[in-house]
Amino acid sequence: MNLPELLRSRPILQAPMAGGTSTPALVHAVSGAGGLGSLAAGYLSAEALGEQIDGVRGLGTDVFGVNVFVPSGAPAPEAVLADYRSELAGDARRHGVEVGPARHDDDAWNAKVDLLASAAVPLVSFTFGCPSAGVLERLRAAGSATVVTATTVEEARTAEARNADGVCVQGVEAGGHRATFDPAHGDDRPLLELLPEVVRAVGVPVIAAGGLMTGEDVAAALAAGASAAQLGTAFLRCPESGAQAPHKAALADPAFTGTSLTKAFTGRPARGLTNRFMEEHRGAPAAYPELHHMTRPLRAAAAKAADPEGMALWAGTGFRRARELPAADLVAELRAGAAGAGTRS
């Protein structure tokens with residue numbers, strides 16, 4: 001797949017949102033409306049990912065993307081994990097569950113790469129690191145364009161040096177996980193500060209992500225040099241989104257007034273609506289994916305109890321502008337708004 005041509009024809013991308021939010025129905029609706037929908041492979045088995053890819057194609061959509069988490073980091077010290085397990089005890093008692101096992105794994109990396117090398121998905125993107133040049137070439141040979149998510153100029157240069165077809169630049173406003181290769185050395189700057197530097201530093205197409213919610217936001221990103229704009233939080237309240245009902249409701253609830261970056265849920269920095277769990281665990285260790293597995297039963301129990309204060313309510317800084325709107329209608333509005341803003345500028 002030729003990435004520049006793909007982005008010229010579809011400059012509005014739906015961000016891949018792991019944990020069940022990026023459903024085949026959402027991807028189908030976005031791509032069917034002229035955007036580019038994307039599945040999230042994170043936390044899925046290779047088999048489950050294959051079923052989702054088949055689900056998108058079964059709906060009649062052939063142009064879409066898949067995002068994969070790149071393994072990174074060493075196992076966390078047992079003492080650190082034991083301390084956090086003790087800290088989570090109160091949350092576990094609150095919902096009558098046990099803290100999950102502190103498992104360190106690679107999220108089925110090899111199996112997912114093998115699957116995607118045969119699935120020939122038009123776009124494969126990566127988060128948490130840059131794959132080897134060999135992996136990127138293998139996917140390119142299968143017909144997939146490759147994009148690496150970056151939060152610094154150096155990360156973007158690494159992606160280009162390994163022959164990635166494009167870079168997705170993530171500003172600090174973005175909801176969900178920070179994509180930085182090394183959580184201790186990310187660039188936590190606003191998108192429109194970081195984006196022009198990355199555009200100047202690399203010769204591949206650049207996709208802008210982070211806090212974009214409207215057509216005017218899309219137009220601003222394109223004017224700053226991006227080839228396309230990626231939005232996630234804007235799609236959370238769409239009926240096709242798989243976000244849980246308490247999560248969708250919280251986005252419009254005046255009780256939630258802002259977002260914060262936290263490691264409390266997964267051990268990696270991620271942005272979500274500020275809630276009790278985040279406030280009570282501000283000192284959470286950098287231990288991914290162990291903390292993800294430890295808190296998973298707690299998050300599931302909170303969701304079952306419709307308790308948003310115990311859930312990971314991933315959202316970007318523009319969350320209040322998310323609307324309950326069919327995804328196809330949202331894409332149409334974004335396209336029209338971007339075109340109108342471009343005409344006025």
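- In this structure, the side chain of D54 does not engage the main chain of R57 through any donor-acceptor pair within 3.5 Å.
- The backbone N or O of C238 sits nowhere less than 3.5 Å from a side-chain atom of E324 that would complete a donor-acceptor pair.
- The pair D217-R321 meets the salt-bridge criterion, with a side-chain N (NZ, NE, NH1 or NH2) lying under 4.0 Å from an Asp/Glu carboxylate O.
- Put simply, CG on N163 and OG on S132 are 11.0 Å apart, with the number rounded to the nearest 0.5 Å.
- The distance from the NZ atom of K112 to the CD atom of E47 is 12.5 Å, given to the nearest 0.5 Å.
- For the pair S241 (side chain) and L236 (backbone), a donor-acceptor distance under 3.5 Å is present.
- For R276 and E279, the salt-bridge test fails: no basic side-chain N is under 4.0 Å from an acidic carboxylate O.
- Annotation: the span from R323 atom CZ to T214 atom OG1 amounts to 9.5 Å, rounded to 0.5 Å.
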Can D114 and R138 be said to form a salt bridge (Lys or Arg N to Asp or Glu O under 4.0 Å), step by step? CA-CA 9 Å; D114 288 345; R138 184 181 176 196; 2.9 Å; yes
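- Between Y43 and Y288, the two ring planes are tilted [angle within 30° to 60°].
- Listed for the K263 side chain is no donor-acceptor partner under 3.5 Å among the backbone atoms of H281.
- Between L325 and E333, some side-chain heavy-atom pair lies under the 4.5 Å cut-off.
- Remark: aromatic rings of F69 and W109 are distant, center separation not under 6.0 Å.
- Panel note: side chain E240, backbone A327; a donor-acceptor pair is recorded below 3.5 Å.
- Counting only distance, with no hydrogens or angles, the side chain of R94 and the backbone of G310 share no donor-acceptor pair below 3.5 Å.
- Contact check for L123 versus L3: side-chain heavy atoms found under the 4.5 Å cut-off.
- The minimum heavy-atom distance linking A209 with C168 is given by the pair CB-SG, 3.9 Å.
- Taking the six-membered ring where the residue is Trp, the centroids of F277 and F265 are separated by under 6.0 Å.
- A distance of 11.0 Å separates CG in D83 from CG in L88, rounded to the nearest 0.5 Å.
- Under the 4.5 Å side-chain heavy-atom criterion for grouping Ile, Leu, Val, Met, Phe, Trp and Tyr, L39 is connected to V113 within one hydrophobic cluster.
- Between the side chains of R268 and S72, a donor-acceptor pair is found at a separation under 3.5 Å.
- Contact check for F256 versus E309: side-chain heavy atoms found under the 4.5 Å cut-off.
- Between the side chain of N275 and the backbone N or O of M311 there is at least one donor-acceptor pair closer than 3.5 Å.
- Judged purely by atom type and a 3.5 angstrom limit, E290 has no side-chain atom pairing as donor or acceptor with the backbone of R103.
- No donor-acceptor distance shorter than 3.5 angstrom exists from the side chain of K248 to the backbone of G242, with no hydrogens or angles considered.
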Report the C-alpha separation of R299 and H292 in whole Å, then their side-chain angles, then the decisive distance to 0.1 Å, and conclude whether the side chain to side chain donor-acceptor pair (under 3.5 Å) test is met. CA-CA 10 Å; R299 291 179 276 126; H292 161 71; 3.0 Å; yes
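- Taking CG of L136 as the reference point, atom CG of D165 lies at 8.0 Å (rounded to 0.5 Å).
- When each of V30, V63, V331 is tested with R10 by the rule side-chain contact (heavy atoms from CB on, under 4.5 Å), just one qualifies, namely V63.
- A donor-acceptor pair is defined here as one N or O able to donate and one able to accept, closer than 3.5 Å; no such pair exists between the side chain of S125 and the backbone of T149.
- Taking the ring centroids of H177 and W314, they lie under the 6.0 Å cut-off.
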Applying side chain to side chain donor-acceptor pair (under 3.5 Å) to E155 and T151, what does each step give before you reach the verdict? CA-CA 7 Å; E155 289 173 355; T151 62; 3.0 Å; yes
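- Atoms CD1 and CD, from I207 and Q230 in turn, are 6.5 Å apart once rounded to the nearest 0.5 Å.
- Ion pairing between R189 and E197 holds under the 4.0 Å rule for side-chain N and carboxylate O.
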